[in-house]
Asker: 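Attaching a single structure in structure tokens format; questions to follow.
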Amino acid sequence: TLERIEALDFLSALENLGIADSIGISVYEESELSPQLVNLGIIQAPLNFFNVEFLNSSLVSELVSAGVEMQARSIFLQGLLLNSHQMIQDPFFKGLEEFTNYVKYKKSTHLEVALEVYNCQSLFTSLVVGFLNATHVKQLFDLEPRGSDILDYLRLKSMNPKFADPRKWGKRV
């Protein structure tokens with residue numbers, strides 16, 4: 001959009017002046033990307049148990065090859081994969097049940113399985129995380145690395161695309 005182009009031009013000017021080290025954007029969908037974004041330093045995109053869309057994108061691979069850093073966000077799906085599922089409408093309970101069953105199958109924790117998606121790929125080179133409480137921070141620092149086949153598992157599943165995008169969640173009444 002014209003608004004995005006103007007914003008990127010402004011940020012580029014700040015970068016050229018040395019005020020910003022790197023500029024970037026945050027996107028929800030691959031359709032928000034274009035080859036013209038090759039001059040960006042960073043693109044933040046969702047990566048989690050229900051959304052591995054960007055891992056399969058040839059456009060993202062091209063941008064990364066040109067030097068754009070991909071940062072993963074939403075690894076915990078706004079805390080949903082770590083805490084209570086009461087805020088989600090009924091159509092999504094099946095997906096959460098599948099996630100919980102996978103955690104049990106792996107004899108793991110919700111936090112470890114959520115992070116597996118990031119740990120077993122190489123396209124995203126950094127992870128932006130937020131925490132709901134100090135317990136989650138401690139769990140993250142106590143993790144021990146282990147091998148994973150989660151991406152193979154997720155590629156075989158057909159997840160509800162609306163569930164992968166918190167903007168499309170309806171609040172329970």
Asker: Can you tell me how far apart CZ (Arg73) and OH (Tyr118) are? Round to the nearest 0.5 Å.
Answerer: 14.5 Å
Asker: Testing the basics here: between Leu123 and Met70, what is the closest heavy-atom pair and its distance to 0.1 Å?
Answerer: O-CB, 3.8 Å
Asker: Looking only at heavy atoms, which two atoms of Gln121 and Leu55 are closest? And how far apart?
Answerer: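 Where Gln121 meets Leu55 most closely, the heavy atoms are OE1-CD2, 3.6 Å.
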Asker: As a quick check of understanding, evaluate side-chain contact (heavy atoms from CB on, under 4.5 Å) for Phe76 and Leu115, giving each step before the final call.
Answerer: CA-CA 8 Å; Phe76 305 128; Leu115 288 170; 4.0 Å; yes
Asker: Atom CG of Leu127 and atom CD of Gln44: how far apart are they, to the nearest 0.5 Å?
Answerer: 10.0 Å
Asker: Look only at the side chain of Glu29 and the backbone of Ser31, and say whether a donor-acceptor pair between them is shorter than 3.5 Å.
Answerer: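 No, the answer is negative, given that no donor and acceptor are paired below the 3.5 Å cut-off.
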Asker: side-chain contact (heavy atoms from CB on, under 4.5 Å) for Leu33 and Phe54? Distances and angles first, verdict last.
Answerer: CA-CA 10 Å; Leu33 300 176; Phe54 291 91; 3.8 Å; yes
Asker: Run the side chain to side chain donor-acceptor pair (under 3.5 Å) test against Thr125 and tell me which residues pass, sequence neighbours left out.
Answerer: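 Partners of Thr125 under the side chain to side chain donor-acceptor pair (under 3.5 Å) test: none.
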Asker: Rounded to the nearest 0.5 Å, how far does CD of Gln71 lie from CG of Leu47?
Answerer: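 Output value for this atom pair is 12.5 Å.
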Asker: Quick one: CG on Leu59 to CG on Leu37, what's the gap to the nearest 0.5 Å?
Answerer: 8.0 Å
Asker: I need the minimum non-hydrogen distance between Val52 and Asn56, along with the two atoms involved.
Answerer: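 Nearest heavy atoms, Val52 then Asn56: O-ND2, 3.7 Å.
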Asker: Would you call the rings of Phe49 and Phe99 parallel, tilted or perpendicular if under 30° counts as parallel and over 60° as perpendicular?
Answerer: perpendicular
Asker: Show the atom names and distances, to 0.1 Å, of all donor-acceptor pairs under 3.5 Å that link a side chain in residues 10-24 to residues at least two apart or in another chain.
Answerer:
unit_1 : atom_1 : unit_2 : atom_2 : d
Ser12  : OG     : Leu8   : O      : 3.0
Asn16  : ND2    : Ser12  : O      : 3.3

Asker: Find out if a path of hydrophobic residues (ILVMFWY) with successive side-chain heavy-atom gaps under 4.5 Å connects Val27 to Val38.
Answerer: yes
Asker: Identify the two heavy atoms, one from Pro35 and one from Leu63, that lie closest to each other, and give their separation to 0.1 Å.
Answerer: O-CD2, 4.2 Å
Asker: With sequence neighbours left out, what residues match Ser58 under side chain to side chain donor-acceptor pair (under 3.5 Å)?
Answerer: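 For Ser58 there are no side chain to side chain donor-acceptor pair (under 3.5 Å) partners, ignoring immediate neighbours.
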Asker: Calculate, to the nearest 0.5 Å, the distance between atoms CD and CD1 belonging to Glu116 and Ile75 respectively.
Answerer: 10.0 Å
Asker: How long is the gap from NE2 on His110 to OH on Tyr102, to the nearest 0.5 Å?
Answerer: 13.0 Å
